[in-house]
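First the structure, in the form of structure tokens, and then the observations on it.
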Amino acid sequence: MRFRFIYFLPFFLLTLSCDDDADDEITIEKRHAADKEPADNTISTDFNANAFSSKVEAELLKELHLCDPKATSDDDPEHPTCSPKYFRFFKLNKQTPLKDGFKLLIKAGVNGFPLRRLLIFEREDDVLVKLNGFNGNLIEERESASGYNDLVIRFPDNVQGNITYYNCLFRWKDGKYDYVNCEVIDEDVPRKVRAEFIDSMGVEIKKILDRNDMIF
């Protein structure tokens with residue numbers, strides 16, 4: 001898959017909330033439930049410490065041809081073993097068995113791709129079908145009334161030679177995950193997007209993600 005960084009960022013910096021202006025730091029969760037602090041559902045993945053819960057994960061990787069069943073070493077990401085050193089599984093929802101639906105985080109460098117990737121699969125007519133693909137890192141899940149957790153995915157962008165990160169919210173809609181908006185822009189210091197600019201900035205950042213082929 002083609003990957004490129006776009007050296008572009010509109011006037012976003014003027015619309016970010018700063019650390020010394022805490023009263024203006026309104027996140028999406030607070031806008032909808034101002035009297036309730038969101039739960040800490042952040043996700044950090046250290047692939048060196050990662051482990052599979054059963055034999056199912058390796059069998060799913062073989063089914064998808066994402067690993068090399070004949071590989072004997074975890075030192076070659078170009079020919080990855082069917083190992084937790086390269087892949088981490090998350091359930092699609094509480095009801096669906098892992099073999100029939102899951103979110104799969106893939107380590108950067110696997111099969112020659114430079115970024116972490118998140119793939120969403122669900123089994124249909126005994127075949128695993130990809131519902132979503134993201135060239136980004138899963139950093140948070142939030143419980144949702146739909147039964148499918150909302151996802152916060154962190155995407156990199158090269159802006160004038162500096163790496164900027166966008167923490168973007170995705171919500172389950174019509175059988176797949178759909179982009180909602182961007183909550184945080186991180187240029188060395190994470191800054192929450194002010195509530196009054198959430199919608200307009202979300203549109204502009206989605207254009208950047210599309211140009212960079214970050215959603216597929």
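Computed from a prediction, not measured in an experiment: that's the story for all the values here.
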Between Phe121 and Phe102, what is the ring plane arrangement, given parallel below 30°, perpendicular above 60°, and tilted in between?
->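 Ring orientation of Phe121 relative to Phe102: tilted.
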
Among side-chain atoms of Asn167 and Asp186, is any donor-acceptor pair under 3.5 angstrom?
->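 Not at all, the side chains of Asn167 and Asp186 share no donor-acceptor pair under 3.5 Å.
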
Pro114 and Ala108: which non-hydrogen atoms are nearest, and at how many Å?
->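 What the structure gives for the nearest pair is O-CB, 3.3 Å.
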
Taking all non-hydrogen atoms of both residues, which atom of Leu115 and which atom of Asn135 are closest, and how far apart?
->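 Reported closest heavy-atom pair: CD1-O, 4.1 Å.
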
Taking [atom1] in [X] as the centre, count heavy atoms belonging to other residues, nucleotides or ligands within less than 6.0 Å. Is the count above 12?
{"X": "Asp46", "atom1": "CG", "answer": "yes"}
{"X": "Glu124", "atom1": "CD", "answer": "yes"}
{"X": "Lys91", "atom1": "NZ", "answer": "yes"}

Is it true that Phe134 and Tyr177 have ring centroids separated by less than 6.0 Å?
->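 No: the rings miss the under 6.0 Å criterion.
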
Among Met214, Lys206, Lys207, find the one that has a side-chain contact (heavy atoms from CB on, under 4.5 Å) with Asp210.
->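 So, applying the side-chain contact (heavy atoms from CB on, under 4.5 Å) to Asp210 and each of Met214, Lys206, Lys207, only Lys206 qualifies.
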
Of Thr164, Asn162, Asn212, which meets side-chain hydrogen bond (donor to acceptor under 3.5 Å, both in side chains) against Asp157?
->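 Only match with Asp157 under side-chain hydrogen bond (donor to acceptor under 3.5 Å, both in side chains): Asn212.
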
For the pair Cys82 and Cys67, evaluate disulfide bond (SG atoms under 2.5 Å apart) and give the outcome as yes or no after the intermediate values.
-> CA-CA 5 Å; Cys82 305; Cys67 63; 1.9 Å; yes

Indicate, with yes or no, if [Y] and [X] share a hydrophobic cluster defined by side-chain heavy-atom contacts under 4.5 Å among Ile, Leu, Val, Met, Phe, Trp and Tyr.
{"X": "Ile106", "Y": "Leu60", "result": "yes"}
{"X": "Ile153", "Y": "Val203", "result": "no"}
{"X": "Ile198", "Y": "Tyr179", "result": "yes"}
{"X": "Leu151", "Y": "Trp172", "result": "yes"}

Determine which pairs satisfy salt bridge (charged side-chain N to carboxylate O under 4.0 Å, His left out) with at least one residue from residues 55-82, sequence neighbours left out, and list them in order.
->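 Matches after skipping sequence neighbours: Glu59-Lys62, Glu63-Arg123.
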
If you measure from the Lys or Arg side-chain nitrogens to the Asp or Glu carboxylate oxygens, is any gap between Asp178 and Arg171 under 4.0 Å?
->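 Salt bridge flag = no for Arg171 with Asp178.
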
Quick one: which residue pairs count as a side chain to side chain donor-acceptor pair (under 3.5 Å) with a foot in residues 105-121, not counting sequence neighbours?
->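 Passing the test, one end in residues 105-121: Arg116-Asn137.
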
To the nearest 0.5 Å, how far apart are CE in Met201 and CD in Glu196?
->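 Between Met201 CE and Glu196 CD, I get 10.5 Å after rounding to 0.5 Å.
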
